[in-house]
Amino acid sequence: MLAVTRSLLPSLLAIVAAPGVWSIACPVPATPSPSSFAATAFDYIVIGGGTAGTALSARLAENPSAVVGVIEAGILHLNDPILDVPGHLASSGVGNKTYDWDFVSTPQVNAGGRNLSLSRGKLLGGSSGINGLAWDRASATEYDAWATIAGDKNWSWSGLLPFLQKAENFSKTPADPFPGISPAEAAEVEADLPHVDGFSGPIVASLNSLYFDTVTNVTVTLNNLGIQTNAEPQGGNTTGVSNIRLSLDHTQGVRSYAATAYYCSHASKPNYHVLTGAQATKIIFSKTRYGLTATRVQFISDGQQYTAHASKEIVLSAGTIQTPQLLELSGIGNSTILKSKNITPLIDLPGVGESFQEHFFAAAQWQLRPGVQTFGILRNNATFAAEQQAQYAADHTGLLAATDSLTAFLTLQDIVSQDRLQELLSIFDQEASAPGLSGLQQQQYALQREWFAQGNVPAVELILWSKGLINVEQGESYAVILGGLMHPVSRGSTHIASCDPLASPAIDPKYLSQNFDTEVLLDVLKFLQKLGQSAPFSDLVTVQTNPDPTAQTDDELLAYIRASSAGGDHLVGTAALAPQASGGVVDGSLKVYGTTNLRIVDASVFPIQIGAHSQATVYAIAEKVKFCLLKTM
Ligand SMILES: Cc1cc2nc3c(=O)[nH]c(=O)nc-3n(C[C@H](O)[C@H](O)[C@H](O)COP(=O)(O)OP(=O)(O)OC[C@H]3O[C@@H](n4cnc5c(N)ncnc54)[C@H](O)[C@@H]3O)c2cc1C
Ligand SMILES: *[C@@H]1O[C@H](CO)[C@@H](O)[C@H](O)[C@H]1NC(C)=O
Ligand SMILES: *[C@@H]1O[C@H](CO)[C@@H](O)[C@H](O)[C@H]1NC(C)=O
Ligand SMILES: *[C@@H]1O[C@H](CO)[C@@H](O)[C@H](O)[C@H]1NC(C)=O
Ligand SMILES: *[C@@H]1O[C@H](CO)[C@@H](O)[C@H](O)[C@H]1NC(C)=O
Ligand SMILES: *[C@@H]1O[C@H](CO)[C@@H](O)[C@H](O)[C@H]1NC(C)=O
Ligand SMILES: *[C@@H]1O[C@H](CO)[C@@H](O)[C@H](O)[C@H]1NC(C)=O
Ligand SMILES: *[C@@H]1O[C@H](CO)[C@@H](O)[C@H](O)[C@H]1NC(C)=O
Ligand SMILES: *[C@@H]1O[C@H](CO)[C@@H](O)[C@H](O)[C@H]1NC(C)=O
């Protein structure tokens, strides 16, 4: 979810649970030294021990005869409350350079000229260690679009479902019933679970353990506005209000993520070598008649340069920003860009760093009637917070073991009239037929056009936060609803800004660069305002604090959107799985075009953005690569 909690952190950190209250079993071996790592004869080297890289490398190491190395820039943070404790502390690693690369975009001309923050986890486990715990999947139609773009039927809903399940251990909690689900529907879902969920994977997914009145009231209000509760959002249709699952192990009340779930259970394997605190700077190839073969990785640790060797494959899992950065540093990308940075092009692959797609959210905030309980009570009432801390220490329950989980995935038809829909579609048609689009972009737009017109795939997500974000006053409680674009038309890019491997690339998401996106976000904000004025949610509200209720005209609301909207932390697509001729970077086996053995396994391969939070899909990609493509046992 969003990275906008920064201003609240100090007061919340004061009530963080003491370490030792929970304990994650992790038999960490002696860390290899950089020089012993460089001297090891690896079969596989994975660059980036993040979400995908940790999952894939741990799976590869299950074959005892495969020697697997991982190079991760961050370190392992074990039993650290900043990462582990969900109760609205879980996102406190965001913006803190101990855990976050904390990238900054180039000025976003259509978003008030701001340089927007782009969080990326810098730790073993990567972004899965600092994310908002939302655990969900896109709709079947969206994954089927992946197969269409990839030209490979395995990258479809039915091809990915077994791997979405393989990563997951859905562990039901005795939670309250969620509003809007009838007993009959609940029974149907119960019967379906074995076909939809995974029950033996490493990541523990669970339902939230408590729902404030804000949650029940907003759900019923949405139901009243014609948006049904979706009892089974995991089953291939995501439309409707849902109680999203969380990557949260309720037995200890802690985050479940790539480091604790995949690394710790494999850490003691003698063939698994994880080097932390080391940043890869270049991949080196030898030329063969079949293409370039990746053989070595240069990395820097403590200011010293080393080179590690792999005999079979090198896997790039550095994430949506740094995967294209390393490709470019290594001579793979748009030759014009590489030459301008004094890098000798080895493979001219202009899709590298392009097709950058990201969700973009506007937020509305309301102050609530006195006495309406939200997470704000942890900030407002020190006695209550101390009680919660004691409860968490005693049995891992209460507010510190919970977070927000109400989301709603909406079609355009859910929020605008038929006339307005036609108007939006004609704006779309104009922008989607601009000259100079890549084949990939044309194909993406054709799919999006169908989804918007048919309303079979959500275009918008709403997320309820039972806490305040903006100008929060001591003693008051708030609700925030974020409303964002799931399938923007805008496409951004990320490219190296210099040949210095330690410098940040130039990241330009081009937020709101297309009018369709801006117009839809305006409709979303109007829908949020209407929500705040509709019962029973309105019964809880004293005043809408943001946008300022005096902002009424489209121009005033647009000014608010440009000044305050933010990315959703779901960056994807910069090394797309698509045919080379249309602008793709990797083929159906996720190999980089022109290479014999360099694979990309992370969120950068998404062929088109999904209307879902990205982590579960990223784990599924890693699982699929291990079990379908890189069969080592
Ligand atoms: C603040 C935030 C909130 C989010 N909220 C949610 C949510 O609630 N639900 C959800 O599903 N998704 C969420 N996401 C998105 C999701 O977490 C990511 O899409 C996913 O984790 C990305 O996985 P990845 O493997 O592609 O990259 P990452 O997990 O980011 O891994 C990349 C790894 O590579 C390392 N690395 C990079 N460059 C180098 C180098 N040169 N040398 C060595 N190592 C390197 C990094 O340190 C990192 O560990 C959120 C993300 C963020 C940042
Ligand atoms: C960042 O994290 C470090 C390590 O946990 C902590 O000491 C520090 O207080 C954090 N900084 C902020 C601003 O929260
Ligand atoms: C904003 O981005 C521009 C271009 O990337 C950069 O020159 C400028 O320093 C950035 N500003 C801040 C405050 O980061
Ligand atoms: C497609 O998936 C099947 C079953 O998961 C697998 O056996 C096969 O190797 C895959 N084919 C390709 C081309 O990836
Ligand atoms: C799934 O997670 C629960 C909760 O942590 C745990 O009790 C159970 O053993 C796990 N199941 C598997 C197969 O790992
Ligand atoms: C809405 O909130 C009120 C006040 O907190 C509560 O009494 C009521 O039960 C809630 N309504 C629903 C439908 O949950
Ligand atoms: C390569 O980059 C240059 C410079 O940014 C750009 O003009 C050109 O269009 C790009 N080539 C392709 C095929 O995208
Ligand atoms: C603060 O919390 C305590 C303990 O739960 C409670 O007794 C007290 O009434 C609360 N104070 C206020 C002002 O709500
Ligand atoms: C998804 O479910 C909703 C009801 O929750 C229904 O209205 C809609 O038609 C379904 N969409 C698809 C594509 O099946």
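Counting convention: from 1, in listed order, for ligands and their atoms alike. Atom set for the values below is all heavy atoms of this structure, side chains included, hydrogens, waters and symmetry mates excluded.
Using a cutoff of 4.0 Å between basic side-chain nitrogens and carboxylate oxygens, Asp102 and Lys97 are scored as salt-bridged.
Put simply, the side chain of Glu358 gets close to the backbone of His570: a donor and an acceptor are under 3.5 Å apart. Without hydrogens or angle criteria, Asp84 side chain to Arg255 main chain gives no donor-acceptor distance under 3.5 Å. Counting only distance, with no hydrogens or angles, the side chain of Asn334 and the backbone of Pro350 share no donor-acceptor pair below 3.5 Å.
Ligand 3 lies less than 4.0 angstrom from a heavy atom belonging to Pro107.
The aromatic rings of Trp101 and Phe103 lie parallel to each other, with less than 30° between the two planes, well short of the 60° mark.
Looking at atom 2 (O) of ligand 6, its nearest protein heavy atom turns out to be Asn217 ND2, 2.3 Å. When hydrogens are left out, the protein atom nearest atom 14 (O) of ligand 6 is Thr216 OG1, 3.0 Å; that is the closest non-hydrogen contact. The nearest heavy-atom contact from the protein to atom 4 (C) of ligand 8 is Glu387 OE2, 3.1 Å. When only non-hydrogen protein atoms are considered, atom 7 (O) of ligand 6 lies nearest to Asp213 OD2, 4.5 Å. Considering only non-hydrogen protein atoms, atom 1 (C) of ligand 3 sits nearest to Asn115 ND2, 1.5 Å. Remark: minimum distance from atom 13 (C) of ligand 8 to any protein heavy atom is reached at Asn381 ND2, 4.5 Å.
Note: His396 and His250 fail the aromatic proximity criterion, with ring centroids not under 6.0 Å apart. The aromatic ring centroids of Trp465 and Tyr478 lie 6.0 Å or more from each other.
For ligand 3, the atoms lying closer than 4.0 Å to a non-hydrogen atom of Thr106 are 5 (O). Within ligand 6, the atoms closer than 4.0 Å to a non-hydrogen atom of Leu540 are 2 (O), 3 (C), 4 (C), 5 (O), numbered from 1 in the order shown.
Protein heavy atoms all stay at least 4.0 Å away from atom 9 (O) of ligand 3.
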